Amino acid sequence: MFENKDTSRTAISSLGEFGLIDHLTKHFKITQKSTVLGIGDDAAILDFDAKKQVVVTTDMLVEGVHFDLSYMPLKHLGYKSVMVNLSDVYAMNALPSQITVSIAVSNRFPVEALEELYAGIQAAADAYKVDVIGGDTTSSTAGLVISITAIGQVDAKKVTRRDTAKEGDLIVVSGDFGAAYLGLQVLEREKQVFKVNPNSQPDLEKYTYLVERQLKPEARKDITALLTKLDVVPTSMIDVSDGLSSEVIHICKQSKVGCNLYEDKIPLDPQVINTCEEFNMDSTTIALSGGEDYELLFTVKQDDFLKIKANPYLSIIGHVVKESEGLHLITRANTKVPLIARGWNSLEENE
Ligand code: ADP
Ligand code: MG
């Protein structure tokens with residue numbers, strides 16, 4: 001990390017556009033039944049089960065806006081770009097089957113850099129069993145841009161939208177919150193240290209979980225499988241990319257309901273708690289506003305309480321109330337404060 005490895009550099013121009021596409025994509029294999037034709041023609045051909053619905057989602061990542069290559073290795077970037085898209089597919093309760101990958105790249109990147117990026121994309125495609133079926137390659141005058149589109153399938157009866165939560169439902173999350181945000185803070189801090197002293201070695205021992213959550217997030221395909229096993233179809237679902245509070249607000253606004261969240265129920269990793277103490281930050285604020293957790297947030301009927309309650313991968317953090325009751329966080333001190341997109345209200349007042 002932070003070093004300029006002096007490996008060989010092959011100019012992109014030496015391969016040409018078609019040579020480059022071929023070079024980067026020749027290792028991709030088709031494994032999905034629904035992929036009739038992948039890379040190589042004007043368009044890919046897909047053939048889905050007529051009983052299923054198809055979901056499609058796209059995310060674009062821009063250098064300097066969504067990632068910083070001084071601490072984000074290209075292989076991790078490739079992996080993460082796929083994860084952020086698959087996470088959206090799982091959030092529909094669907095199973096991803098194909099992705100397309102489009103890149104805009106400047107000639108400051110050698111072919112070797114794109115090989116790294118594609119190694120990460122391939123690792124993700126292999127691990128999540130999705131076919132890379134196409135994309136586009138173009139030049140950019142400045143930074144790197146990656147746009148990935150993911151396609152998935154779901155039973156019409158099981159598709160989970162954002163606008164279907166009902167009063168009385170329980171609010172459930174997978175995993176824990178705030179770690180990826182803190183991972184970014186740790187990496188930013190090390191980058192500043194490195195700028196002053198290029199010989200310094202980053203000391204990331206204490207923050208391994210945080211850094212991993214930032215650099216190598218995993219989309220929660222296991223939760224989709226778990227819900228199927230538990231025979232639970234969420235009444236609504238969203239993935240947590242922008243921060244827990246912001247996603248809860250999305251579900252509530254779109255479903256025209258309110259909510260009560262309980263501060264003491266929000267799952268936190270011990271590294272998040274310790275690092276918040278070290279950085280003098282409030283762990284609840286970080287968990288609610290941090291973002292990039294790529295966990296799933298969903299609502300279930302109260303009848304499903306017993307199925308969810310004992311599960312170690314899931315936490316019930318609140319419940320849905322009437323729209324007129326508003327959106328609130330019940331703090332550890334048992335006070336009720338309005339939930340806002342960036343954390344919760346009483347903190348804003350302290351800032
Ligand atoms: P067209 O001129 O029809 O747009 P391209 O030359 O852009 O075709 O692409 C040729 C083939 O390679 C197509 O199947 C396209 O989907 C695929 N492709 C192009 N760029 C990428 C990429 N960066 N990653 C994966 N597949 C790509
Ligand atoms: Mg093209």
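All ligand and atom numbering here is 1-based and tracks the order in the structure. In this text the structure is predicted, and so the values were computed from the model without any measurement. Worth knowing before you read on, the calculation uses all heavy atoms, side chains too, and leaves out hydrogens, waters and symmetry mates.
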side-chain hydrogen bond (donor to acceptor under 3.5 Å, both in side chains), paired with Q98, selected from T149, D131, T35: T35
Among D293, D239, T57, the one residue meeting side-chain hydrogen bond (donor to acceptor under 3.5 Å, both in side chains) with S87: D239
Salt-bridge criterion met for E263 and K336 (N-O under 4.0 Å):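 No.
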Basic-acidic side-chain contact under 4.0 Å: K157, D155: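 Here K157 does not pair with D155 in a salt bridge, since their nearest N and O are not under 4.0 Å apart.
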Find all atoms of ligand 1 within a distance of less than 4.0 Å from any non-hydrogen atom belonging to [X], and give their numbers and elements.
{"X": "D41", "result": "13 (C), 14 (O)"}
{"X": "F18", "result": "6 (O)"}
{"X": "D42", "result": "3 (O)"}
{"X": "T25", "result": "24 (N), 25 (C), 26 (N)"}
{"X": "Y118", "result": "22 (C), 23 (N), 24 (N), 25 (C)"}

Proximity to ligand 1 by part of I21, non-hydrogen separation under 4.0 Å: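 Near ligand 1, I21 shows its side chain, while the N, CA, C and O stay back.
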Cation-pi check, K80 onto F67 ring (under 6.0 Å, within 45° of axis): no
Distance-only N or O hit between ligand 1 and V132, under 3.5 Å: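 Such a contact does not occur with ligand 1.
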Heavy-atom nearest neighbour of atom 25 (C) of ligand 1 within options G134, G40, S102: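 Of the listed residues, G134 has the closest heavy atom.
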Geometric class of the Y118/F28 ring pair [parallel <30°, tilted 30-60°, perpendicular >60°]: tilted
